[in-house]
S.K.: 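Take this structure first; my questions come after.
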Amino acid sequence: MTAGVREQPRGADSPRPRPGTRLRLVGWLTAVAVLAGVGYRLWLLVNAAPPTNSDEATMGLAALHIARGEGFPVWFYGQQYMGTLEAYLAAPVFALAGGPSLLGLRLPTLALYLLFLLLSWRLTLRLTGDRWFGLLVVALLALGSDRVVKNQLIAGGGYPEMNAAGVALAVLAVDLAAGRPGWRLARWAAWGFLAGLMLWVDPLVLPYVVTTGAVLVGFCRRELWGAAGALLGAAAVLGAAPLLLHSLLNGRNPLHAVLAASGANATAGWADRLHGGLLLGPSLGMGFCAPGRCDTWQLWWALALPLLLALGAATAWRALRRPTTEAGPTSPADAASPADLASPAGPALPAGPASLVDPADAGHPVLVAPRVAAAIRLALVLATVVTLGAYTVSSSAGLTPVESSRYLSCLLISLPALLWPVWTVARRGPRPSATGRRGLGRTLARPVALALLAATLGTAAQATWRSAQTAPATRAAEARHAELVTTLRQLGVREVRAGYWTCNRLTFASAEQVVCAVVDDALRPGFDRYPPYRREVDGASAPAWVAPAGSPLGNALDERQRANPGALDLVTIDGWRIYLPR
């Protein structure tokens, strides 16, 4: 009998569980969690949730131009940073569907979410070998608060693909550092290509590129001096080719634009930055808050996060520093014990430090060498710290903390590393001290760990429920916008002037049958991301005006109408006002 495992008495008629029964159970539960996460998001998409905006429509217009062969933009229209990968992914959908749609624009982002979910499960098994912990991670990632689903589903530039790419980089780094045989050059090329691609798409994921890259350097220095290093470098250049070519041809430095967008040219007090970056940011960005705000009790996660970071770093560092001959997957703080692996998560695993179980062997957890797993966990923790630090020192954290919390979307990549120490204590309790005694702290550790996991699931579930409740209102708002597009077509209106958050959304929804130029609330020209629309509207004889009912722009147009009663004809529909020049 395995030491430390108490054998349960069995009666003569007691059926013995079939081998692999629990393994099949956790597999089915994991599959259900994956389907639930995808199904919930598909339901949101069918209900036009989360609500779209003109920035997402700008990406949709880029996809429409690519599908028609009218242009192949490198950057998000109107700026010199944030690559248009989402537009290139959506363009084939538009071509096959015969035209643009919000659902067609978001189907690729839904696929990226599914990829992120599956890769996170795979990474968790690689690092821990514990399928029940993998189920917990998948269940948490299947939930989705308002901020989380916006990051995952809205094709606004960068966010949906960053998490999938970040986890893929970690999985590839695990396989390469552990010496996994077969397709090694292909894995090196894939890692380099993804790293370069993310440099073009959005640099927010760079902390994960750097830390997982450091693991590769630490474990594979000799291999990198050969063909693997050359292939990685060439693949990275290929992935970043749009950025590099555009910068060389135009003599522009995209780093300057990124710094300006992060708030480097603005000012915010340190009290506001610390509040937005370390208190509001983690709770909002990781999915524990109601739509658009955080209740006070929901901020508990921001207080627990420093403790989780410290525990994750300490346990990973201890496992990493342990001599190789002593490193085996038996420490509760580092990996699942052989007895636990044998019972609820599958048969026992070979405990050698250089072992790597083939995932094709479905009867065994996919656990790599403990030192490699510890290094990747430490890399994920450090990437979290760097991401939080970079966000906190930016002015965005102090000026717009609620909306700018999207910059922390990558923190979900680190979830397995953050929760693993808590899970091991909750499942088996802390190890006794050297004297074999348990003090009060060790006695309370397991209940505290269980409470923390339960609070994490409960808070995320409550935030998900609050987000789902907003779907009917979002669907109704989208229906009103569709009525606006239909009305403009019936009136024969081709050119309009409207506010920034109306213009490109209107143009995309009409498949460019209506083109729009931006004006501010004082009726002056505003910021047009796609200048050809401005030129067309300025060349029109009598463009119309469109404003949301009750908006400052609508009030300004009402004032003009009162000052000159014969200048404009007013057409009103639910939520919108259309002003037609005579």
S.K.: Using a 3.5 Å distance criterion without hydrogens, assess whether the side chain of R41 forms a donor-acceptor pair with backbone atoms of G37.
M.R.: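 Confirmed, R41 side chain pairs with G37 backbone.
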S.K.: Please round to the nearest 0.5 Å and tell me the distance separating atom OG1 of T456 and atom CH2 of W301.
M.R.: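 T456 OG1 to W301 CH2: 4.5 Å, rounded to 0.5 Å.
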S.K.: Whether the side chain of S405 engages the backbone of G281 through a donor-acceptor N/O pair (distance < 3.5 Å, no angle test) should be reported.
M.R.: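 Flag not set: sc S405 to bb G281 has no pair under 3.5 Å.
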S.K.: What residue among L136, L135, V137 forms side-chain contact (heavy atoms from CB on, under 4.5 Å) with T30?
M.R.: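 In the set L136, L135, V137, the residue that makes a side-chain contact (heavy atoms from CB on, under 4.5 Å) with T30 is L135.
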S.K.: Can you label the angle between the W420 ring and the F133 ring as parallel, tilted or perpendicular, going by 30° and 60°?
M.R.: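 W420 and F133: tilted rings.
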S.K.: Is any side-chain heavy atom of L105 closer than 4.5 Å to one of P100?
M.R.: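 When only atoms from C-beta onward are counted, L105 and P100 do not touch, as no gap falls below 4.5 Å.
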S.K.: How close do R273 and S395 get, counting heavy atoms only, and between which atoms?
M.R.: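 Minimum heavy-atom separation between R273 and S395: NH2-OG, 3.2 Å.
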S.K.: Spell out, as yes or no, whether a donor-acceptor pair under 3.5 Å connects the side chain of R377 to the backbone of A313.
M.R.: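 No.
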S.K.: Tell me if a side-chain donor or acceptor on T384 pairs with a main-chain N or O of L380 at a distance below 3.5 Å.
M.R.: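 Looks like yes, one N/O pair under 3.5 Å.
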S.K.: Between Q79 and F76, is there a donor-acceptor pair closer than 3.5 Å when you use the side chain of the first and the backbone of the second?
M.R.: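 No, because the side chain of Q79 does not come within donor-acceptor range (under 3.5 Å) of the backbone of F76.
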S.K.: Mind listing the closest non-hydrogen atom pair of V209 and T212 along with its distance?
M.R.: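 What the structure gives for the nearest pair is O-OG1, 3.4 Å.
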S.K.: Side-chain donor-acceptor pair under 3.5 Å between T470 and T474, yes or no?
M.R.: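 Side-chain D/A pair, T470 to T474: absent.
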S.K.: Mark yes when over 12 heavy atoms from residues, nucleotides or ligands other than W270 sit less than 6.0 Å from its CH2; otherwise mark no.
M.R.: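 Yes, the 6.0 Å shell around CH2 holds more than 12 heavy atoms from other groups.
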S.K.: Starting at NE2 of H275, measure out to CG of L280 and round the result to the nearest 0.5 Å.
M.R.: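 Rounded to the nearest 0.5 Å, the NE2-CG separation comes out at 4.5 Å.
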S.K.: Where the side chain of N47 meets the backbone of A49, is there a donor-acceptor pair that is under 3.5 Å apart?
M.R.: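 Not a single qualifying donor-acceptor pair exists.
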S.K.: Over all heavy atoms of both residues, which pair between S551 and A547 is shortest? Give the atoms and the distance, please.
M.R.: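 Of all heavy-atom pairs spanning S551 and A547, the closest is OG-CB, 3.9 Å.
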S.K.: State, with a plain yes or no, whether a side-chain heavy atom of L274 is found less than 4.5 Å away from one of L279.
M.R.: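 Answer no - side chains too far apart.
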S.K.: Checking the side chain of S510 only, and the main-chain atoms of V485 only, is there a donor and an acceptor separated by less than 3.5 Å?
M.R.: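 Answer holds: no.
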S.K.: What distance do D574 atom CG and T487 atom OG1 have between them, rounded to the nearest 0.5 Å?
M.R.: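 One finds 10.5 Å between CG of D574 and OG1 of T487.
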S.K.: I need the minimum non-hydrogen distance between P160 and E86, along with the two atoms involved.
M.R.: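 Where P160 meets E86 most closely, the heavy atoms are CD-OE2, 3.1 Å.
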S.K.: Can you check whether Y500's main-chain N or O pairs, donor with acceptor, with S54's side chain at less than 3.5 Å?
M.R.: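 Here the side-chain-to-backbone pair exists.
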S.K.: Measuring from T109:OG1 to M59:CE, what's the distance to the nearest 0.5 Å?
M.R.: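 Spacing of OG1 (T109) from CE (M59) equals 11.0 Å.
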S.K.: For D202 and E161, run side chain to side chain contact (heavy atoms under 4.5 Å, CB included): C-alpha distance rounded to whole Å, both residues' side-chain angles, the deciding distance at 0.1 Å, then the answer.
M.R.: CA-CA 9 Å; D202 199 314; E161 55 265 49; over 6 Å; no
S.K.: Find out whether I66 and F94 are in side-chain contact, i.e. whether some heavy atom of one side chain is under 4.5 Å from a heavy atom of the other.
M.R.: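 Result no, sub-4.5 Å side-chain heavy-atom pair not found.
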S.K.: A side-chain contact here means heavy atoms from C-beta on lying under 4.5 Å apart; do T52 and E478 qualify?
M.R.: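 A side-chain contact under 4.5 Å exists here.
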S.K.: At what distance, to the nearest 0.5 angstrom, does CZ of R406 lie from CG of L284?
M.R.: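 Reported to 0.5 Å precision, the distance equals 12.5 Å.
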S.K.: Evaluate the side-chain hydrogen bond (donor to acceptor under 3.5 Å, both in side chains) criterion for residues T400 and S404: first the C-alpha distance (whole Å), next the side-chain angles of each, then the deciding distance (0.1 Å), finally the verdict.
M.R.: CA-CA 6 Å; T400 54; S404 295; 2.5 Å; yes
S.K.: Mark yes or no for whether S120, through its side chain, and F116, through its backbone, hold a donor-acceptor pair below 3.5 Å.
M.R.: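 Checked: pair present.
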S.K.: For the residue pair L388 and L411, establish whether any side-chain heavy-atom pair is separated by less than 4.5 Å.
M.R.: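 Yes - at least one pair of side-chain heavy atoms lies under 4.5 Å apart.
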S.K.: How far apart are the C-alpha atoms of L415 and M286, what are their side-chain angles, what is the distance that settles it, and do they pass the side chain to side chain contact (heavy atoms under 4.5 Å, CB included) test?
M.R.: CA-CA 9 Å; L415 204 58; M286 297 189 74; 4.2 Å; yes
S.K.: Decide if atom CH2 of W121 counts as having more than 12 heavy atoms of other residues, nucleotides or ligands within a radius under 6.0 Å.
M.R.: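 Not buried by this count: 12 neighbours or fewer within 6.0 Å.
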S.K.: Please determine whether side chain to side chain contact (heavy atoms under 4.5 Å, CB included) holds for the pair F527 and D520, giving the CA-CA distance in whole Å, both sets of side-chain angles, and the decisive distance to 0.1 Å.
M.R.: CA-CA 9 Å; F527 173 49; D520 62 16; over 6 Å; no
S.K.: W75 versus W200: any side-chain heavy-atom pair under 4.5 Å?
M.R.: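 Side chain of W75 against side chain of W200, heavy atoms only: contact under 4.5 Å found.
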S.K.: If I compare all heavy atoms of G499 with all of L553, which pair ends up nearest, and what's the gap?
M.R.: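 Scanning both residues, the minimum pair turns out to be N-CD2, 3.6 Å.
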S.K.: Is there a donor-acceptor contact under 3.5 Å from the side chain of R529 to the main chain of Y77?
M.R.: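 Here the side-chain-to-backbone pair exists.
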S.K.: Determine whether more than 12 heavy atoms belonging to other residues, nucleotides or ligands lie under 6.0 Å from atom CH2 of W28.
M.R.: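 Count not over threshold, so no.
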S.K.: Measure the CG-OG distance between L278 and S283 for me, rounded to the nearest 0.5 Å.
M.R.: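 Going from the CG atom of L278 to the OG atom of S283 covers 10.5 Å.
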S.K.: Please give me the minimum heavy-atom distance between P401 and G276, naming the atom from each residue.
M.R.: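 Closest heavy-atom pair between P401 and G276: CB-CA, 3.8 Å.
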S.K.: Go through it in stages, so that I can follow the logic: the residues are T387 and Y208, the test is side chain to side chain contact (heavy atoms under 4.5 Å, CB included), and I'd like the CA-CA distance, side-chain angles, deciding distance and then a yes or no.
M.R.: CA-CA 9 Å; T387 301; Y208 290 87; 4.0 Å; yes
